[in-house]
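Just below is one structure, and these are the notes that go with it.
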Amino acid sequence: MTREVTFIQQQRDTRRGRRALVAGSVGNLIEWYEFGVYGYFATIIAARFFTPEGGGEAEALVKTYASFALAFFFRPVGAALFGRLGDRIGRRPVLVLVITLMTVATTLIGALPTYAQAGALAPWLLTFLRVLQGLSAGGEFGGAVSVMTEFAPPGRRGLYGSLQSFTVALGLLAGAGAAALLATVLTAEQLGAWGWRLPFLLTLPLGLGALWLRLRLDETPAFVAERSEGTPPPREVVRAVVLGAGRIMGWAAAGYTFLVVLPSYLQSSLGATFQQALVATVLANLGFAATIVPAGLLSDRLGRRAVMVSGAVLVVVLAVPLLNLLQQPGVSNTVKGVAVCGAGAVVGLMAGPGPAMLSEMFPTRVRYTGLGVAYALSNAVFSGCAGLIITETIERTGSVDVPAYYAAAACAVSVPALLTLPSARRAGVPKAGVERAG
């Protein structure tokens, strides 16, 4: 009888864990689908919202990326706000709230009037919705990773956490697929006039499905069991947040450079067509997706440090040669495609173990807030500003190597922070206090 009860409990725990994986990751998929779509349609959005009469294309693109960056800088605010709620009242109700906010804001972008229709009000409306997206996205990551890693079996947090990063690739691929499909079936005039709206409007049914999944989600066992757990001193939490942000800055910068900014860069700097840029982006994201889960699984065996440092060092070594290869007209498209795919794969080495690494830095009572703010801060500075910094620097210097320098520099700075990770661990989460370097 005892064995039968134990088996039933194990089956119930397995179902809860799987439900947590799906419900936790689906919001991340929608978030990155939208951010990918915004990046892929950056040139069209620039023309529709940020180009008053007499404005130049480069100026409009910079303003578009400025709006992009602004949304990222509201992520830490959302992470702190929703994270605090999630650590107080539970993961589930807050994740329901953030997916609702994200769905509404993204869907409304698809219905906004353009500059030609609403004048100067149009870019302000777009920016306001981007701010709402930033707030909701800030509250999304910390809660989703907390749910997925707190439901993970012992020694499998790297694997479970990697599925959160895997949905980044799925979201970006879905966005690229939607953009490529529309670019194929619509004329350039139709795409610019109304076709760009369709991917944003598609968020509504996706968001409703995600909301249904999260309403069925159970609260995590760790949160229920450790309501009385003491909270570590604020100074230790802040220190861990800063350290965590430093550890993932290379992932943030290289990821957004190679996976999102790439299409606009190829078009504006290397003269590629919209379709060619999207193909390159799809290949980069396929390489990214291929290594995320294996990297997370490998980090459960070898430790987070070995896998993540390897990814960061490879970006430092390969970023400039990769970009130089793309600039060579005599190199075949096949070779360029393999190179772009490899760039995405290297980023996956950092993204796979990253969520579990952040989760392990914070105890349950501050995990939602701590890992969410660390992730949001790093992404605000090194992802959200990537398009703006790269575009503006290329415009001022004329150097087309700027994206490679940007990604390589961020990863070089990230390596020392990653080296403070233990040389090997099996993803144990501290019960109290926060991780100390060493």
Side-chain angles (χ1 to χ4, degrees), residues 18-42 44-45 68 71-72 74-75 78 82 91-112 126 128-145 147-148 163-186 191 194-217 259-260 263 278 281-282 285-286 288-289 292 351 355 379:
R18 289 174 179 171
R19 194 157 57 235
L21 282 177
V22 176
S25 60
V26 68
N28 201 51
L29 188 151
I30 294 173
E31 171 197 339
W32 286 91
Y33 161 81
E34 186 282 328
F35 274 100
V37 165
Y38 192 91
Y40 304 145
F41 284 112
I44 295 177
I45 292 173
F68 200 69
F72 269 92
F74 273 88
R75 284 187 173 207
F82 292 116
R91 301 6 179 163
R92 177 185 173 276
V94 178
L95 284 174
V96 167
L97 177 60
V98 296
I99 195 64
T100 302
L101 181 61
M102 184 187 303
T103 301
V104 171
T106 303
T107 302
L108 287 177
I109 287 179
L112 280 180
L126 176 62
F128 172 70
L129 292 179
R130 298 294 298 167
V131 167
L132 293 183
Q133 286 178 318
L135 290 172
S136 62
E140 170 66 30
F141 184 84
V145 172
V147 164
M148 296 167 76
L163 294 175
Q164 175 75 348
S165 293
F166 184 68
T167 58
V168 173
L170 291 183
L172 292 173
L173 284 170
L181 177 62
L182 290 171
T184 301
V185 302
L186 299 178
L191 191 63
W194 52 267
W196 65 270
R197 298 180 182 274
L198 299 180
F200 294 100
L201 296 175
L202 181 61
T203 304
L204 181 59
L206 294 176
L208 291 176
L211 179 61
W212 177 76
L213 287 169
R214 289 192 169 174
L215 288 171
R216 300 176 65 242
L217 181 66
L259 306 177
V260 177
L278 281 176
T281 305
V282 168
N285 278 281
L286 285 174
F288 180 54
I292 291 172
N379 275 270

Taking all atoms of both residues into account, what is the closest heavy-atom pair of [X] and [Y], and its distance?
{"X": "T107", "Y": "L204", "answer": "OG1-N, 3.5 Å"}
{"X": "A351", "Y": "S165", "answer": "O-OG, 2.6 Å"}
{"X": "V37", "Y": "G175", "answer": "CG2-CA, 3.6 Å"}
{"X": "L163", "Y": "S25", "answer": "O-CB, 4.2 Å"}
{"X": "V147", "Y": "A20", "answer": "CG1-CB, 3.6 Å"}
{"X": "A23", "Y": "L213", "answer": "CB-O, 4.0 Å"}

Value rounded to 0.5 Å, distance of [atom1] in [X] from [atom2] in [Y]:
{"X": "L108", "Y": "F128", "atom1": "CG", "atom2": "CZ", "answer": "9.5 Å"}
{"X": "I44", "Y": "R197", "atom1": "CD1", "atom2": "CZ", "answer": "12.0 Å"}
{"X": "I30", "Y": "I99", "atom1": "CD1", "atom2": "CD1", "answer": "4.0 Å"}
{"X": "T100", "Y": "L211", "atom1": "OG1", "atom2": "CG", "answer": "4.5 Å"}

Taking side chain as C-beta onward, heavy atoms only, is [X] less than 4.5 Å from [Y]?
{"X": "L101", "Y": "F82", "result": "yes"}
{"X": "I45", "Y": "L126", "result": "yes"}
{"X": "R92", "Y": "L215", "result": "yes"}
{"X": "L182", "Y": "L198", "result": "yes"}
{"X": "F141", "Y": "E31", "result": "no"}

Under a 3.5 Å distance rule, please check whether [X] uses its side chain to pair with a backbone N or O of [Y] as donor and acceptor.
{"X": "R75", "Y": "L135", "answer": "no"}
{"X": "R214", "Y": "L95", "answer": "yes"}
{"X": "R19", "Y": "L217", "answer": "no"}
{"X": "S136", "Y": "Q133", "answer": "yes"}
{"X": "N285", "Y": "L173", "answer": "no"}

Would V168 and N28 count as a side-chain contact (heavy atoms from CB on, under 4.5 Å) here? Give the steps. CA-CA 7 Å; V168 173; N28 201 51; 3.2 Å; yes
Working note: Y33 + L202, criterion side-chain contact (heavy atoms from CB on, under 4.5 Å); need CA distance, chi angles, decisive distance, verdict. CA-CA 10 Å; Y33 161 81; L202 181 61; 3.6 Å; yes
Do the side chains of E34 and R130 get close enough for a salt bridge, i.e. N-O under 4.0 angstrom?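 Yes, this pair counts.
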